[in-house]
Asks: 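The structure under discussion is supplied below as structure tokens; questions concerning it will follow.
A quick note: this is a predicted structure, and the numbers were derived from the prediction, not measured.
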Amino acid sequence: MAQIPNSNTLMTLIAGAGLLAAAAFGANLLSSPAAVTQLDDRTLRSLTTDGTFKSVQGDGSRAIHVFLSADCKFCLQIEPEFDQLNNVTVYRHLLPGHTKAGRLKAIDVWCSDNQVGAWKKIGEGLVIQPAKCSDVAAIDGNLVLAKRLGLASTPSIVFEDGHVSSGMVSSSNIAARIALSTPQ
């Protein structure tokens with residue numbers, strides 16, 4: 001007769017299976033190329049700066065929209081790449097995340113007096129002060145907008161010409177794509 005495992009053994013097995021699944025997903029994510037799409041003009045017109053927080057590099061004459069989640073490792077790692085860009089306004093569309101912890105971090109960032117600073121602190125692995133505010137509908141609105149645009153992963157960068165790059169992208173690749181998408 002087979003022995004029924006105790007609850008500690010079951011929890012260990014479940015946790016181990018979860019780690020294996022996460023490792024397999026991560027390996028697949030790292031080995032697959034970044035998804036690239038093109039938004040049509042009608043869809044691109046639905047992209048607004050509502051519900052965003054921004055930073056301006058140089059004169060800010062060119063713009064990119066970045067869809068981010070606090071649950072996304074690459075969303076946090078891509079931030080220093082934006083700091084290396086010239087003459088760009090970075091509009092960040094913060095999404096609610098996939099976990100309760102991710103949503104709470106998103107709310108803390110959104111409610112912060114310095115949203116960009118709070119976001120960068122999270123990216124550096126620092127803890128930010130919990131912030132309280134009553135209007136966090138923008139975070140959920142960003143998720144609706146991302147779905148309307150057809151964005152399926154984070155980070156996703158939308159350029160002025162509707163080109164979308166998903167995944168980790170270097171500052172040099174972002175700058176090259178901005179140059180291609182900027183109207184002459």
Side-chain angles (χ1 to χ4, degrees), residues 25 29 32-57 60-83 85 87-123 128 131-169 171 173-175 177-178 180-183:
F25 175 76
L29 183 64
S32 50
V36 178
T37 61
Q38 180 70 39
L39 300 178
D40 61 36
D41 289 338
R42 183 175 155 270
T43 304
L44 185 59
R45 282 192 299 275
S46 69
L47 183 62
T48 69
T49 58
D50 296 341
T52 66
F53 57 97
K54 70 178 182 177
S55 61
V56 178
Q57 304 292 108
S61 58
R62 299 166 300 175
I64 58 174
H65 290 258
V66 186
F67 288 78
L68 305 158
S69 168
D71 290 338
C72 164
K73 176 176 85 169
F74 295 121
C75 295
L76 300 169
Q77 291 176 347
I78 199 170
E79 193 62 39
E81 301 299 322
F82 300 141
D83 292 339
L85 300 173
N87 302 325
V88 175
T89 301
V90 179
Y91 293 99
R92 292 167 186 83
H93 298 261
L94 190 58
L95 302 174
H98 306 292
T99 65
K100 183 177 180 181
R103 182 172 180 79
L104 291 175
K105 282 182 186 178
I107 290 170
D108 289 343
V109 169
W110 182 252
C111 295
S112 173
D113 291 336
N114 178 357
Q115 295 165 320
V116 173
W119 177 254
K120 288 181 178 187
K121 283 183 180 179
I122 288 175
I128 62 171
K132 301 290 182 221
C133 64
S134 59
D135 187 14
V136 295
I139 296 170
D140 295 319
N142 285 335
L143 182 59
V144 171
L145 177 60
K147 288 179 180 179
R148 186 178 330 127
L149 296 173
L151 306 178
S153 63
T154 55
S156 285
I157 304 171
V158 180
F159 295 88
E160 292 175 309
D161 66 352
H163 179 85
V164 178
S165 294
S166 297
M168 186 67 187
V169 183
S171 60
N173 286 341
I174 296 170
R177 187 61 221 162
I178 288 171
L180 287 173
S181 69
T182 303

Asks: So, does Q38 use its side chain to make a donor-acceptor pair with the main chain of D161 at under 3.5 Å?
Replies: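 Yes, the answer is positive, given that a donor and an acceptor are paired below the 3.5 Å cut-off.
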
Asks: Do V158 and L44 come within less than 4.5 Å of each other through their side chains, counting heavy atoms only?
Replies: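 Yes. Closest side-chain heavy atoms under 4.5 Å.
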
Asks: Atom CG of L68 and atom CG of L95: how far apart are they, to the nearest 0.5 Å?
Replies: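 Result: 7.0 Å between the selected atoms.
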
Asks: For S112 and Q115, which heavy atoms make the closest approach, and how far apart are they?
Replies: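 Where S112 meets Q115 most closely, the heavy atoms are O-CG, 3.6 Å.
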
Asks: Report yes if the side chains of L94 and K105 come closer than 4.5 Å at any heavy-atom pair, otherwise no.
Replies: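 Sidechains of K105 and L94: no contact.
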
Asks: Say you draw a straight line from CZ of R148 to CG of L143; how long is it, rounded to the nearest 0.5 Å?
Replies: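 Between atom CZ of R148 and atom CG of L143 there are 11.0 Å.
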
Asks: Once you round to the nearest 0.5 Å, how far does NZ of K120 lie from CZ of F82?
Replies: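 Reported value, rounded in 0.5 Å steps: 10.0 Å.
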
Asks: Are D50 and T52 side-chain neighbours, meaning at least one heavy-atom pair lies under 4.5 Å?
Replies: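 Of all side-chain heavy-atom pairs linking T52 with D50, none is under 4.5 Å.
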
Asks: Can you find a heavy atom in the side chain of L180 that is under 4.5 Å from one in the side chain of F159?
Replies: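 Not in contact.
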
Asks: First locate atom CD of E79, then atom CH2 of W119, and finally report the distance between them rounded to the nearest 0.5 Å.
Replies: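 With rounding to 0.5 Å, CD (E79) is 7.5 Å from CH2 (W119).
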
Asks: To the closest 0.5 Å, what do you measure between CG (D71) and CG (L76)?
Replies: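 Atom-to-atom, D71:CG and L76:CG are 9.0 Å apart.
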
Asks: Less than 4.5 Å apart, side chain to side chain, heavy atoms only: is that true for T49 and H65?
Replies: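 In contact.
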
Asks: Do other residues, nucleotides or ligands put more than 12 heavy atoms under 6.0 Å from D40 CG?
Replies: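 Result for CG/D40: enclosed.
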
Asks: So how far is it from S46 OG to L145 CG, rounded to the nearest 0.5 Å?
Replies: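 It comes to 6.0 Å.
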
Asks: When you look at S55 and R92, which way does the side chain to side chain contact (heavy atoms under 4.5 Å, CB included) test go after all the steps?
Replies: CA-CA 8 Å; S55 61; R92 292 167 186 83; 3.0 Å; yes

